[in-house]
> 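Submitted below is the structure of interest, expressed as C-alpha cells.
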Amino acid sequence: MAAPVETFFLDQDAQGTLQAQIQQMIAEAILSGRLPRGEKLPSTRRLSAHLGVSRITVTLAYTELQANDYLTSKGRSGFYVSENAPEPPSFKLRARGEDKVDWVRAIGTSFTGGSTPAKPLDWRRMKYPFIYGQADPTLFDHNSWRLCALRALGQKDHPAMMRDYYDQDDPQLTEFIARHILPRRGILARPEEILITLGAQNALWLTAQVLLTQRRTAAIEDPCYYSLRDILTQSRCHLVRIPVDRGGLAPDALPDGTDVIYTTPSHQSPTTATMPLDRRKALLKRARELEAVVVEDDYDFEMSFLNPPSPALKSLDREGRVIYVGSFSKSLFPGLRLGYLVGSEPFIREARALRSLVLRHPPGLIQRTVAYFLSLGHYDALIRRIGAAYHDRRDVMNTAIEDAGLTIAGRGVFGGSAFWMRAPEGIDTRLLADRLMAHEVVIEPGAPFFASSTPPRNFFRIAYSSIPASRIPKGISLIAREIAEMQQTGAK
C-alpha cells in the first residue's frame, strides 16, 4: 500500500519551482522518518491530482530524487523509498531549554550598537525608493551575466571554480583590474599589489586591522560613511573627525600625530563633494609631513557621467603612501560583494595574510564569472547604459527638487547617484522618513553620517539609482508635502 496522498501538501510560502518544492517535501518526509525505507509513494497521477500540478512535474521530481538515491523505481509498480536513502536521526530531538549563560559577561567584544542603521529589506515593493547603493535590475544585462556564469561553470574553467587558491586570487580577474580598470583612474599596479576583497567594506576593515592599533590615530571625514566609523571604533584606535566643506576634507585640519587618513575624494560620502586637484596635492603633502598613510575609498568613480572624473589620489602618489579601495557593488550589483585593494606590496602581503586567516579568498566561481563579464566587454556596455539612465534621472530629479522648493546641500560635480539634501531647521528627517514610508517613499536620514552625539537632524540623502525617472517627480512632491505638513503642525 502506498503512503496516503493526503499527507503530502505544498507550502504556499515556499520558494523555488514546483518541481523543487515537491523534491524538498518528499526528502523532508524521508529525513524525518515519516517515509521509511521501502515505503511506496503515491503514483505520479494521484499526487499530481492531489497537489494540483502537472503529472510531468511530479515525474521529474521523482526522477531527480531517484538519481540522488532517495527513491528507487520498481518497473510498473511505481516509486519506493530507496534502501540507500538517508536514515532519520536515531536520537529523539528535545525541546531547547532556556539559556543559562550570562551573555553580557561572556561576550568579550560587542559589535552591536554602532552607527550603522538598519535599512528596509522590502524597499523594492515601494513606489518611490530613493534608496542609495541599490541596483536597478532593469538596467542590468542578465543574459550576458548568465552566459558568463555558465562559461565559468564549464569544463575548461572547472579547476578555477574547484581549486583552493589558499591566499591568492583568480589571475584573470587581477590581471584585468591591473590592465583595464585601474588605468582609467591613472593607476599603474602589478597583480602583486592587488587584493580581491568581499566588497569595499571588507577592504576598509582589512586596512584598519593591518594599519591601526590602540596607540595609533586615524582621521576620518565628518560626516562620513557610518560603517567606516564603526569599523574604526571597533579597532580601538584614536579617532579624529575632520569636518568637510565643498572641497571635501581639508588637509590643513589634520592634526599632528595622525597615522592613517581615510577619505573619499571623488564623491565624498555622503555630501557628494569632489576634492579639487590642488587640494589632493595638498593632502598628499600633508600626509608626507605626518608620515601618514592615506586610504582612498573610490567607491563610486564609475558613475562619473557628467564629465571625466578627476585623477585618483592614488595616481598622484609617488611614495606608495596611498592605499586604494575599489568596488563593483555600485557598477554591477551590491549582492555581488566583490571589491579590491591596491597598495604597496608589503601592505598587500599583510592584508592577504589576514584575509587568508578569516576567509581564505572570495569564491573562485564568482571571481571567474566577473573576470569574463569584464573581459568580454559587458561591463563597459553596462556602465554606458547606467550612465545614460542616471544622467536622465539626475536631470529629472534636479528639476523636481527645484519645482518643489527643496534645498540641495550637495551634488556630485561629475555625476554620482544621489543628492545630499537639507530640510528646514526643526525638521527631524528620521521622523520624516517614518512618515514618508506610509506613502511608499524611502529616503535616508542624515544623522547617522555625523560623529557627534547631537548630530544635525535635518539632513537626508535621496538617490536615483533604483527609481524610474517617471516616478521621481511624484516622489519628490510627496517629500515636499510631508515637510510642509511637519512645519505646519510643529512635528519634530
Side-chain angles (χ1 to χ4, degrees), residues 7-16 20-21 23-36 70 85-125 131 133-134 164 197-210 212-214 218 225-239 329 334-337 339 353-363 366 430-431 433-434 437 442 444-445 447-455:
T7 61
F8 295 95
F9 59 91
L10 294 175
D11 184 352
Q12 298 300 317
D13 297 323
Q15 302 294 316
Q21 291 179 45
Q23 287 177 228
Q24 182 178 355
M25 172 185 65
I26 296 173
E28 287 177 350
I30 294 172
L31 293 171
S32 68
R34 289 192 294 111
L35 283 179
Y70 276 83
E87 288 191 74
S90 58
F91 54 87
K92 183 178 180 181
L93 297 176
R94 297 181 179 179
R96 204 170 158 268
E98 183 180 352
D99 273 5
K100 299 297 183 182
V101 178
D102 181 358
W103 287 109
V104 174
R105 184 179 64 83
I107 292 174
T109 302
S110 175
F111 295 92
T112 60
S115 302
T116 302
K119 294 187 177 182
L121 296 177
D122 60 346
W123 63 268
R124 288 192 184 279
R125 70 175 181 83
I131 189 166
Q134 301 302 313
D164 184 346
T197 64
L198 290 179
Q201 191 155 320
N202 177 230
L204 293 170
W205 179 83
L206 288 169
T207 66
Q209 295 299 309
V210 172
L212 294 169
T213 68
Q214 295 182 36
Y225 176 46
Y226 34 71
S227 292
L228 170 62
R229 189 167 61 247
D230 284 348
I231 288 171
L232 298 181
T233 299
Q234 291 296 337
S235 76
R236 297 177 179 169
C237 67
H238 300 288
L239 208 51
S329 292
L336 183 66
R337 306 311 313 141
L354 174 58
R355 188 197 67 177
S356 178
L357 289 174
V358 178
L359 54 87
R360 291 281 224 193
H361 58 78
I366 296 298
R430 293 177 304 176
L431 177 58
D434 290 341
M437 288 290 281
V442 184
E444 189 173 7
F449 292 98
F450 293 90
S452 171
S453 58
T454 56

> Take atom CD of Gln24 as the centre, draw a 6.0 Å sphere, and report whether it contains more than 12 heavy atoms from other residues, nucleotides or ligands.
no
> What pairs with Gln201 under side-chain hydrogen bond (donor to acceptor under 3.5 Å, both in side chains), at least two apart in sequence or on another chain?
Tyr225
> Using the side-chain contact (heavy atoms from CB on, under 4.5 Å) criterion, which residues pair with Ala451? Sequence neighbours excluded.
Asp222, Arg229, Arg241
> Can you list the residues that meet the side-chain hydrogen bond (donor to acceptor under 3.5 Å, both in side chains) rule with Thr116, with sequence neighbours excluded?
Ser227, Asp230
> Can you measure from CE (Met25) to CD1 (Ile30) and round to the nearest 0.5 angstrom?
10.5 Å
> Return the set of residues passing salt bridge (charged side-chain N to carboxylate O under 4.0 Å, His left out) with Arg355 (not counting sequence neighbours), or none when no residue passes.
Asp169
> Would you please name every residue forming a salt bridge (charged side-chain N to carboxylate O under 4.0 Å, His left out) with Glu87, sequence neighbours left out?
Arg37
> Are Ser356 and His361 side-chain neighbours, meaning at least one heavy-atom pair lies under 4.5 Å?
no
> Would you name the heavy atoms of Ser235 and Gln214 that are closest together and state the gap between them?
O-CG, 4.4 Å
> Taking only residues two or more places apart in sequence, or in another chain, which ones meet Asp164 in a salt bridge (charged side-chain N to carboxylate O under 4.0 Å, His left out)?
Arg360
> List for me each residue that meets side-chain contact (heavy atoms from CB on, under 4.5 Å) alongside Thr109, sequence neighbours excluded, and say none if there are none.
Phe111, Gln234, Arg236
> Pick one: which of Val210, Thr197, Leu228, Leu354 meets side-chain contact (heavy atoms from CB on, under 4.5 Å) with Trp205?
Leu354
> Specify the closest pair of heavy atoms between Pro448 and Ser115, including all atoms of both residues, with the distance to one decimal.
CB-O, 3.8 Å
> Taking ring pair (Phe, Tyr, Trp, His ring centres under 6.0 Å) as the definition, give me every residue that meets it alongside Phe8, ordered by chain and number, with sequence neighbours left out.
none
> Going by salt bridge (charged side-chain N to carboxylate O under 4.0 Å, His left out), name the residues that satisfy it together with Arg105, two or more places apart in sequence or in a different chain.
none
> Who passes side-chain hydrogen bond (donor to acceptor under 3.5 Å, both in side chains) against Asp99, sequence neighbours left out?
Arg96, Trp103
> Please check: side-chain N/O of Gln21 versus main-chain N/O of Gly16, any donor-acceptor pairing under 3.5 Å?
yes
> Give a yes or no on whether Leu357 atom CG has more than 12 heavy-atom contacts from other residues, nucleotides or ligands under 6.0 Å away.
yes
> Taking Leu232 as the fixed residue, which of Leu204, Leu239, Thr207 is the one that meets the side-chain contact (heavy atoms from CB on, under 4.5 Å) rule?
Leu239
> Among all residues two or more places apart in sequence or in another chain, which pass the side-chain hydrogen bond (donor to acceptor under 3.5 Å, both in side chains) test with Ser452?
Thr454
> Ring pair (Phe, Tyr, Trp, His ring centres under 6.0 Å) with Tyr226: which residues, sequence neighbours excluded?
Phe449
